[in-house]
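Below: one structure, written as structure tokens.
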Amino acid sequence: MAIFLRSLRRSSPSAAVRQLLRRPYTGEEVTQAREFTTCEGSRPSLIHKRSLDILHDPWFNKGTAFSMTERDRLDLRGLLPPNVVSSQQQIDRFMVDLKRFEVNARDGMSDTIALAKWRVLNRLHDRNEVMYYKILINNIEEYAPIVYTPTVGLVCQKYSGLYRRPRGMYFSAADRGEMMSMVYNWPADQVDMIVVTDGSRILGLGDLGVQGIGIAIGKLDLYVSAAGINPQRVLPVMIDVGTNNDNLLKDPLYLGLEQHRLEGEEYLSVIDEFMEAVFTRWPNVIVQFEDFQTKWAFPLLQRYRNTYRMFNDDVQGTAGVAIAGLLGAVRAQGRPMLDFPKQKIVVAGAGSAGIGVVDAASKTMARMLGNTESAFQSARSQFWIVDASGLITENRANIDPAVVPFSRKQKDVGHLGLSEGSSLVEVVKKVKPDVLLGLSAVGGLFSKEVLEALRDSTTCSRPAIFAMSNPTKNAECTPEEAFSIVGENVIFASGSPFHDVNLGDGKIGHSNQGNNMYLFPGIGLGTLLSGARVISDGMLQAAAECLAAYMKDEEVHEGVIYPPISRIRDITKEVAAAVVREAVKEDLAEGYRDMDPRELERLNEEEIIEYVQNNMWSPEYPTLVYKQD
Ligand SMILES: NC(=O)C1=CN([C@@H]2O[C@H](COP(=O)(O)OP(=O)(O)OC[C@H]3O[C@@H](n4cnc5c(N)ncnc54)[C@H](O)[C@@H]3O)[C@@H](O)[C@H]2O)C=CC1
Ligand SMILES: CC(=O)C(=O)O
Ligand SMILES: [Mg+2]
């Protein structure tokens with residue numbers, strides 16, 4: 001201790017840093033400041049701690065400045081972002097962030113309050129998890145938009161500046177060959193849920209590199225608050241294989257690997273090594289893939305889904321939520337759900353989310369039509385997909401293999417006056433759709449012209465608009481635009497939350513939040529409690545059907561097709577129970593803890609719900625008792 005205190009007294013800020021602290025901060029200084037010498041040589045401090053205990057100890061913590069050898073020596077590898085920075089760079093980052101915050105506060109930027117709330121909540125998360133989750137659960141409507149979309153998007157964009165304490169694990173391209181041992185640096189012997197991202201497509205914000213860890217943290221906040229997964233058993237993970245975002249590569253604050261993304265076999269070998277490592281240490285863990293760019297989302301899902309307990313939230317979670325909403329829209333039209341295969345659906349966006357939705361929704365239609373080859377054909381013909389290059393037909397050059405089954409035949413669109421590359425507005429005019437669904441990440445794509453085309457062409461009594469892209473500024477349109485242009489009868493859902501619209505005369509235009517948050521927590525919890533070895537299509541379908549059936553007829557007729565977020569814990573419990581039931585039915589359930597598969601099989605519907613409920617963690621302080629090692 002004495003040695004440590006002596007070294008602390010000696011390490012007062014250098015003159016250069018003192019000068020820097022007194023002056024207003026400019027971007028240029030960041031690079032200049034990197035060259036200042038700050039560290040005096042000092043004798044080593046003896047410590048009796050390892051791993052996270054060091055990072056949580058303000059006397060010893062150096063954060064991102066721990067060198068690679070120290071990280072290895074002190075079991076810190078993987079617990080910090082991969083970029084090792086100097087103590088001066090740490091100060092630079094802090095100062096830039098502080099000054100930015102001051103400027104934003106002075107100029108009153110609208111995002112500032114949301115970011116300030118995030119900081120306050122994040123600090124509480126660092127100090128006291130029970131209190132944090134209690135506040136989150138009790139005020140989920142107010143704080144989900146802070147810890148989740150839209151604010152989490154902003155947080156990811158600014159993460160290198162906002163970064164204070166580490167949360168989760170980082171596996172980087174530089175850790176190849178080390179992951180199997182690094183995984184033991186995580187202090188928990190039991191991990192139930194991992195959310196992993198490679199940061200390549202965070203919400204609709206593109207490649208945010210290592211900063212994408214924020215989305216894994218936000219998703220896991222919902223796992224804890226909605227699904228009651230114990231916060232001590234969740235692990236956010238960032239796989240840093242580089243970034244192709246040149247602004248980040250140029251940013252002196254950037255905390256990730258300063259290289260372009262690995263590609264091909266090199267990329268796959270990193271993800272393979274990560275999967276092997278986590279399933280070796282925690283064989284029962286469930287891994288949710290989040291916000292991987294489309295070119296990897298589908299191949300990775302196919303690569304792992306029959307071997308590991310994993311799913312892709314953007315492909316499979318989004319699909320289920322969209323199916324539930326589409327079925328809700330049919331009900332809102334006053335038609336039976338079995339009329340779903342008659343809906344004409346124009347989808348803007350052919351990425352992981354858009355194609356995930358079309359694939360699953362067309363399978364649901366085909367099932368309703370009898371699951372024959374012609375049923376599949378007929379189901380696929382209900383969808384028109386438009387991407388950045390317009391309508392996708394068989395004549396599309398270099399088409400993604402995942403999109404091929406949904407490309408339209410020229411002979412089927414020619415008679416409508418459409419062809420390869422037709423614009424969204426032309427497609428809407430000619431197809432006269434019942435539903436317009438956006439997963440394009442392009443804010444305002446459903447322009448006045450597109451919405452007027454929908455209004456003027458559709459024959460549907462209650463057309464539906466799903467502006468599902470995130471965060472808020474990427475929504476294809478706002479509810480105000482939808483209700484004012486298309487009409488008061490429209491069904492509206494968006495990925496990020498919007499307020500309901502006052503239509504006058506006491507009428508309300510309901511703004512639903514169509515977000516995979518209504519399914520992924522229940523899919524994870526149901527998989528955990530059933531002990532299913534893999535996550536089958538049937539389990540995902542059961543989750544979607546449960547969500548679709550959750551809303552009452554009166555609600556649906558009013559245009560409310562998804563539950564309010566205040567009911568997320570209840571819907572998650574129901575979804576989890578549906579997933580457990582399906583896993584048992586498909587003979588995939590291997591049980592969980594004391595609940596063996598035979599006993600699980602004997603439970604009736606209510607008992608399964610009770611079983612789920614009893615296994616959901618609630619934020620209450622436990623009694624603590626000291627036990628010597
Ligand atoms: N509400 C929800 O639960 C979810 C929403 N999303 C959102 O979906 C969006 C897309 O995600 P991914 O499919 O993974 O991204 P992606 O980047 O792979 O796909 C975007 C697609 O939109 C197309 N596009 C771009 N400009 C267009 C235009 N002008 N007209 C029509 N299409 C256009 C692109 O060609 C591409 O096919 C993101 O904003 C994401 O936040 C994703 C998952 C869940
Ligand atoms: C909600 C979500 O998963 C996304 O926008 O990517
Ligand atoms: Mg996502």
Side-chain angles (χ1 to χ4, degrees), residues 144-145 148-150 152-153 156 195-208 212 214-216 218-219 222 288-298 301 311-325 346-360 384-392 396 398-400 402-403 406-407 421-428 436-447 450 466-477 493-498 512-521 544 547 562:
Y148 189 55
T149 186
V152 74
C156 289
V195 175
V196 60
T197 183
D198 70 353
S200 54
R201 189 285 278 149
I202 297 298
L203 303 178
L205 302 168
D207 182 348
L208 296 183
I215 196 73
K219 291 273 176 182
L222 288 187
Q288 170 168 324
F289 277 57
E290 191 66 46
D291 290 3
F292 282 70
Q293 59 185 320
T294 296
K295 79 171 185 187
W296 286 118
F298 290 107
L301 183 58
F311 69 107
N312 181 301
D313 179 40
D314 300 291
V315 177
Q316 297 167 300
T318 314
V321 164
I323 291 171
V346 169
V347 177
S352 65
I355 294 302
V357 167
V358 176
D359 181 47
W384 284 260
I385 307 179
V386 178
D387 73 356
S389 308
L391 179 66
I392 302 181
R396 174 66 61 97
N398 302 324
I399 189 165
D400 185 319
V403 185
F406 309 106
S407 60
S422 291
S423 71
L424 179 61
V425 69
E426 275 178 89
V427 172
V428 171
L436 188 53
L437 190 150
L439 283 160
S440 64
V442 181
L445 180 67
F446 298 166
S447 60
V450 170
F466 292 80
M468 291 181 77
S469 292
N470 296 313
T472 313
K473 70 176 177 50
N474 289 31
E476 283 78 4
C477 68
S494 55
S496 296
F498 280 96
N512 297 278
Q513 191 173 359
N515 190 294
N516 50 28
M517 69 185 182
Y518 285 119
L519 284 190
F520 71 77
L547 178 59
Y562 292 116

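Remember, it's 1-based here, ligands and their atoms both numbered in the order they're listed. Note that the numbering runs from 1 along the sequence shown for the chain.
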(request) Mind running side-chain contact (heavy atoms from CB on, under 4.5 Å) on Phe311 and Gln288 for me, showing each step along the way? (result) CA-CA 5 Å; Phe311 69 107; Gln288 170 168 324; 3.2 Å; yes
(request) Please assess Val321 against Asn515 for the test side-chain contact (heavy atoms from CB on, under 4.5 Å), listing each intermediate value before the final yes or no. (result) CA-CA 7 Å; Val321 164; Asn515 190 294; 5.7 Å; no
(message) Just to be sure I understand the cut-off, which residues have at least one non-hydrogen atom under 4.0 angstrom from an atom of ligand 1?
(response)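 Within 4.0 Å of ligand 1, the protein residues are Arg201, Leu203, Gly204, Thr294, Asp314, Thr318, Gly349, Ala350, Gly351, Ser352, Ala353, Val386, Asp387, Ala388, Leu439, Ser440, Ala441, Val442, Leu445, Met468, Ser469, Asn470, Gly495, Gly514, Asn515, Asn516.
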Close side-chain approach of [X] to [Y], heavy-atom, < 4.5 Å:
{"X": "Pro497", "Y": "Pro150", "result": "yes"}
{"X": "Asp400", "Y": "Phe298", "result": "no"}
{"X": "Val428", "Y": "Val386", "result": "no"}
{"X": "Cys156", "Y": "Leu205", "result": "no"}
{"X": "Leu301", "Y": "Phe289", "result": "no"}
{"X": "Phe520", "Y": "Gln316", "result": "no"}
{"X": "Glu476", "Y": "Val442", "result": "no"}

(request) Tell me, please: is Met517 in heavy-atom contact with ligand 2, that is, under 4.0 Å? (result)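 Not so, Met517 does not reach ligand 2.
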(request) Answer with yes or no whether Lys219 contacts ligand 2, where contact means a heavy atom under 4.0 Å from a ligand atom. (result)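 Yes, Lys219 has a heavy atom closer than 4.0 Å to ligand 2.
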(message) Between Ser200 (side chain only) and Gln293 (backbone N and O only), is there a donor and an acceptor less than 3.5 Å apart?
(response)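 Yes; judged by distance alone, with no hydrogens or angles, the pair exists.
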(message) Under a 3.5 Å distance rule, please check whether Arg396 uses its side chain to pair with a backbone N or O of Asn398 as donor and acceptor.
(response)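 Checked: no pair found.
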(message) Walk me through whether Met468 and Val347 qualify under side-chain contact (heavy atoms from CB on, under 4.5 Å).
(response) CA-CA 11 Å; Met468 291 181 77; Val347 177; over 6 Å; no
(request) Have a look at Val346 and tell me which of Ile385, Leu437, Leu424, Val450 forms a side chain to side chain contact (heavy atoms under 4.5 Å, CB included) with it. (result)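 That would be Leu424.
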(request) Considering heavy atoms of the protein only, find what lies nearest to atom 5 (O) of ligand 2 and give residue, atom and distance to 0.1 Å. (result)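 Atom 5 (O) of ligand 2 sits closest to the protein heavy atom Asn470 ND2, 2.8 Å.
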(request) Identify, for atom 4 (C) of ligand 2, the protein heavy atom at the shortest distance, and state residue, atom and that distance. (result)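 Checking every protein heavy atom, the shortest distance to atom 4 (C) of ligand 2 gives Leu203 CD2, 3.6 Å.
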Which of the atoms in ligand 2, numbered in the order shown and given with their element, are less than 4.0 Å from a heavy-atom of [X]?
{"X": "Asp314", "value": "2 (C), 3 (O), 4 (C), 6 (O)"}
{"X": "Asp313", "value": "3 (O)"}
{"X": "Asn516", "value": "1 (C), 2 (C), 3 (O)"}
{"X": "Tyr148", "value": "1 (C)"}

(request) Examine the proximity of ligand 2 to Ile215 and report which part, side chain or backbone, both or neither, has a heavy atom under 4.0 Å away. (result)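 Contact part for Ile215 vs ligand 2: neither.
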(request) For ligand 2, indicate whether the residue Ile202 contacts it via side chain, backbone, both or neither (heavy-atom separation under 4.0 Å). (result)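 For Ile202, there is no contact with ligand 2 at all, from either part.
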(request) For the Mg ion (ligand 3), state how many protein N, O or S atoms fall inside a distance shorter than 2.8 Å. (result)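 For the Mg ion (ligand 3), protein nitrogen, oxygen or sulfur atoms under 2.8 Å: 3.
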(message) Nearest 0.5 Å, please: how far is CD1 in Ile392 from CH2 in Trp384?
(response)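 Between Trp384 CH2 and Ile392 CD1, I get 14.5 Å after rounding to 0.5 Å.
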(message) Side chain or backbone, does Asn515 bring an N or O within less than 3.5 Å of an N or O on ligand 2?
(response)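 The answer is no, given that Asn515 and ligand 2 share no N or O pair closer than 3.5 Å.
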(request) Fit a plane to each ring of Tyr562 and Tyr518, take the angle between them on a 0 to 90° scale, and name the class: parallel (under 30°), tilted (30 to 60°) or perpendicular (over 60°). (result)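 Aromatic pair Tyr562/Tyr518 classed parallel.
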